[in-house]
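The block underneath contains the structure these notes are about, expressed in structure tokens.
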Amino acid sequence: MEYKDAYIDTEILSNEKIGEGVYKMTVSGKFCGEPGQFFMLREENSAQFLPRPFSICDINENSISFLYLVMGCGTKAYSKLRRGDHISVLGPLGNGFKLKDYDKVAIISGGIGIAPMYYLAKKLNCKIDLYAGFRDYSYFIDELRPFVNEIKISSDLGLEGTKGTVLAIYEDKKYDQIFACGPTPMLKAIKTKIDLNKAQLSLENHMACGTGACLGCVTKTTAGLKRVCTEGPVFMSNEVLNDA
């Protein structure tokens, strides 16, 4: 069932810290959604007014999971929630990754951009190479291992893997498709090394409503301005302009 018209109340099953400032929240319920889509989460008892967009990390028969990074007061409040607490969710929202029959693909993530890649890798039925960039130490890599063929890691500070950004580890292996998610500077940079006609980018623009009403997440494309929340967050790489 899709909940696009109203927030629903859900019970938190777990909200565990898996890295420095990184949490995985799982809530109960029967949900649907495609890799790359997202939900808006709202904590009713929080003083924070605006909800936050979280990519789908995984969906099981009776639960949905989200991976998130504590960035400010809102996500900090979420990190304090515990099993049995409640949170409201709205979704699935947006357009996810377009999946076809591939032989070999690359998944490129930067930081918390790894969040939607678990569900994506789980849905793909092909050889997958993962290129994951982090600021310091990696997280959520072991969970992805069962689904990927090869993993390469980079870190800005050189504390794990190759020192540098994810560009330092990416190799062009004539992939059928490339799936990338991360901060805008990373996506801009990676476009210089990939086939733009065979790449899908998941943008991380800030969102206030998630439903296209506030126009706070627009990005520049070859077809003009588009709302990332409703016409994205996934776009073909050749659609998105470098200054978006």
Side-chain angles (χ1 to χ4, degrees), residues 12-28 31 33-39 41 54-71 75 78-83 96-97 99 102-171 173 175 177-183 186-187 190 200 202 204 234:
I12 296 175
L13 298 177
S14 63
N15 191 27
E16 56 183 328
K17 183 177 181 179
I18 64 167
E20 188 58 40
V22 183
Y23 290 78
K24 180 185 177 185
M25 179 190 294
T26 301
V27 304
S28 65
F31 295 93
E34 298 300 325
Q37 287 188 296
F38 67 97
F39 280 69
L41 273 63
F54 288 179
S55 297
I56 297 171
C57 180
D58 191 23
I59 294 178
N60 289 308
E61 184 179 355
N62 295 304
S63 66
I64 186 170
S65 298
F66 307 100
L67 203 67
Y68 65 98
L69 176 67
V70 174
M71 297 287 288
T75 46
Y78 292 167
S79 72
K80 297 181 182 299
L81 297 173
R82 296 293 180 263
R83 179 181 176 88
F97 294 108
L99 306 186
Y102 303 114
D103 178 52
K104 188 174 185 179
V105 305
I107 288 178
I108 306 173
S109 66
I112 201 62
I114 201 169
M117 300 313 191
Y118 179 86
Y119 195 42
L120 172 63
K122 188 176 171 182
K123 289 282 190 176
L124 287 168
N125 184 27
C126 63
K127 293 180 180 178
I128 303 170
D129 287 345
L130 171 65
Y131 301 91
F134 300 92
R135 182 179 181 275
D136 38 42
Y137 294 105
S138 68
Y139 47 83
F140 215 62
I141 292 296
D142 287 340
E143 288 82 354
L144 278 154
R145 289 189 190 280
F147 305 105
V148 301
N149 182 54
E150 183 178 358
I151 298 176
K152 291 193 174 183
I153 296 173
S154 69
S155 60
D156 295 344
L157 303 179
L159 299 178
E160 185 176 349
T162 300
K163 184 175 182 179
T165 68
V166 73
L167 266 73
I169 56 173
Y170 175 73
E171 298 179 62
K173 296 184 178 180
Y175 295 106
Q177 193 75 184
I178 297 167
F179 302 93
C181 182
M186 185 209 90
L187 296 181
I190 206 68
Q200 300 179 44
S202 179
E204 293 185 340
V234 177

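Below, each value reflects all heavy atoms present in this structure, side chains not excepted, and no hydrogens, waters or symmetry copies.
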Residues which pass ring pair (Phe, Tyr, Trp, His ring centres under 6.0 Å) with Phe38, listed by chain and number, not counting sequence neighbours: none

Hey, is CG on Asn125 packed in by over 12 heavy atoms from elsewhere, all under 6.0 Å? no

Evaluate the criterion side-chain contact (heavy atoms from CB on, under 4.5 Å) for residue pair Arg135 and Leu157; output intermediate values, then yes/no. CA-CA 6 Å; Arg135 182 179 181 275; Leu157 303 179; 3.8 Å; yes

Here the gap from Gln177 atom CD to Phe97 atom CZ, rounded to the nearest 0.5 Å, amounts to 10.0 Å

Taking all non-hydrogen atoms of both residues, which atom of Pro116 and which atom of Gly113 are closest, and how far apart? CD-O, 3.2 Å

What closest approach, in Å, do Ser63 and Phe31 show between heavy atoms, and which atom pair accounts for it? C-CD1, 4.4 Å

Does some side-chain heavy atom of Leu99 sit less than 4.5 Å from a side-chain heavy atom of Leu120? yes

Test item: Tyr78 side-chain N/O and Leu41 main-chain N/O as donor-acceptor pair under 3.5 Å: yes

Pairwise distance CG(Leu67) to CD(Glu16) - rounded to 0.5 angstrom: 9.5 Å

Using a 4.5 Å cut-off on heavy atoms from C-beta on, say whether the side chain of Leu13 contacts that of Arg83. yes

List the steps and the verdict of side-chain contact (heavy atoms from CB on, under 4.5 Å) for Phe179 and Val234. CA-CA 9 Å; Phe179 302 93; Val234 177; over 6 Å; no

What closest approach, in Å, do Ser55 and Phe66 show between heavy atoms, and which atom pair accounts for it? O-CD2, 3.3 Å

Listed once per pair and sorted, the ring pair (Phe, Tyr, Trp, His ring centres under 6.0 Å) pairs that draw on residues 103-124, sequence neighbours left out: Tyr118-Phe140, Tyr118-Phe147

Report the residues that fulfil side-chain contact (heavy atoms from CB on, under 4.5 Å) with Asn149, sequence neighbours left out, ordered by chain and then residue number. Asp129

Which is it for Ile56 and Ile64 under the side-chain contact (heavy atoms from CB on, under 4.5 Å) test, yes or no, and what are the steps along the way? CA-CA 7 Å; Ile56 297 171; Ile64 186 170; 4.2 Å; yes

Nearest heavy-atom approach of Ile18 to Lys24 is CG2-CB, 4.2 Å

Do Asp156 and Asp136 come close enough that some side-chain heavy atom pair is under 4.5 Å? no

May I ask you to check whether over 12 heavy atoms, not counting those of Lys80, lie within 6.0 Å of atom NZ? no

Just verifying a value: how many Å separate Tyr23 OH and Thr75 OG1, rounded to the nearest 0.5 Å? 10.0 Å

How would you list, by chain and number, every residue that makes a side-chain hydrogen bond (donor to acceptor under 3.5 Å, both in side chains) with Glu150, sequence neighbours excluded? Lys173

Heavy atoms, side chains only, cut-off 4.5 Å: are Cys126 and Asp103 in contact? no

Here the gap from Ser202 atom OG to Ile108 atom CD1, rounded to the nearest 0.5 Å, amounts to 13.0 Å

Interatomic distance, CG@Asn60 vs OG1@Thr26, rounded to 0.5 Å, equals 8.5 Å

Please collect all side chain to side chain donor-acceptor pair (under 3.5 Å) contacts where either partner lies in residues 138-147, sequence neighbours excluded, each pair once. Ser138-Glu160, Asp142-Arg145

With the side chain counted from C-beta on, respond yes when Ile112 and Met71 share a heavy-atom pair under 4.5 Å apart, and no when they do not. no

Scanning both residues in full, the closest heavy-atom pair of Ala180 with Met117 reads C-CE, 3.7 Å

Below 6.0 angstrom between ring centroids: does that apply to Phe54 and Phe39? no

Would you mind reporting whether Leu187 and Glu204 have side-chain heavy atoms less than 4.5 Å apart? no

To check you understand the geometry: which heavy-atom pair defines the closest contact between Thr162 and Ala168, and what is its length? CG2-CB, 4.2 Å

For Asp58, all residues meeting salt bridge (Lys or Arg N to Asp or Glu O under 4.0 Å), sequence neighbours excluded: Lys122

Within 6.0 angstrom of Tyr137 OH, more than 12 heavy atoms from elsewhere: no

Quick one: does Met25's side chain get under 4.5 Å of Tyr68's, heavy atoms only? yes

Under the criterion side-chain contact (heavy atoms from CB on, under 4.5 Å), which of Leu167, Ile153, Ile169, Ile178 is the partner of Tyr131? Ile169

In sequence, state the C-alpha distance, the side-chain angles, and the governing distance for Ile114 and Ile141, and then conclude on side-chain contact (heavy atoms from CB on, under 4.5 Å). CA-CA 9 Å; Ile114 201 169; Ile141 292 296; 3.9 Å; yes

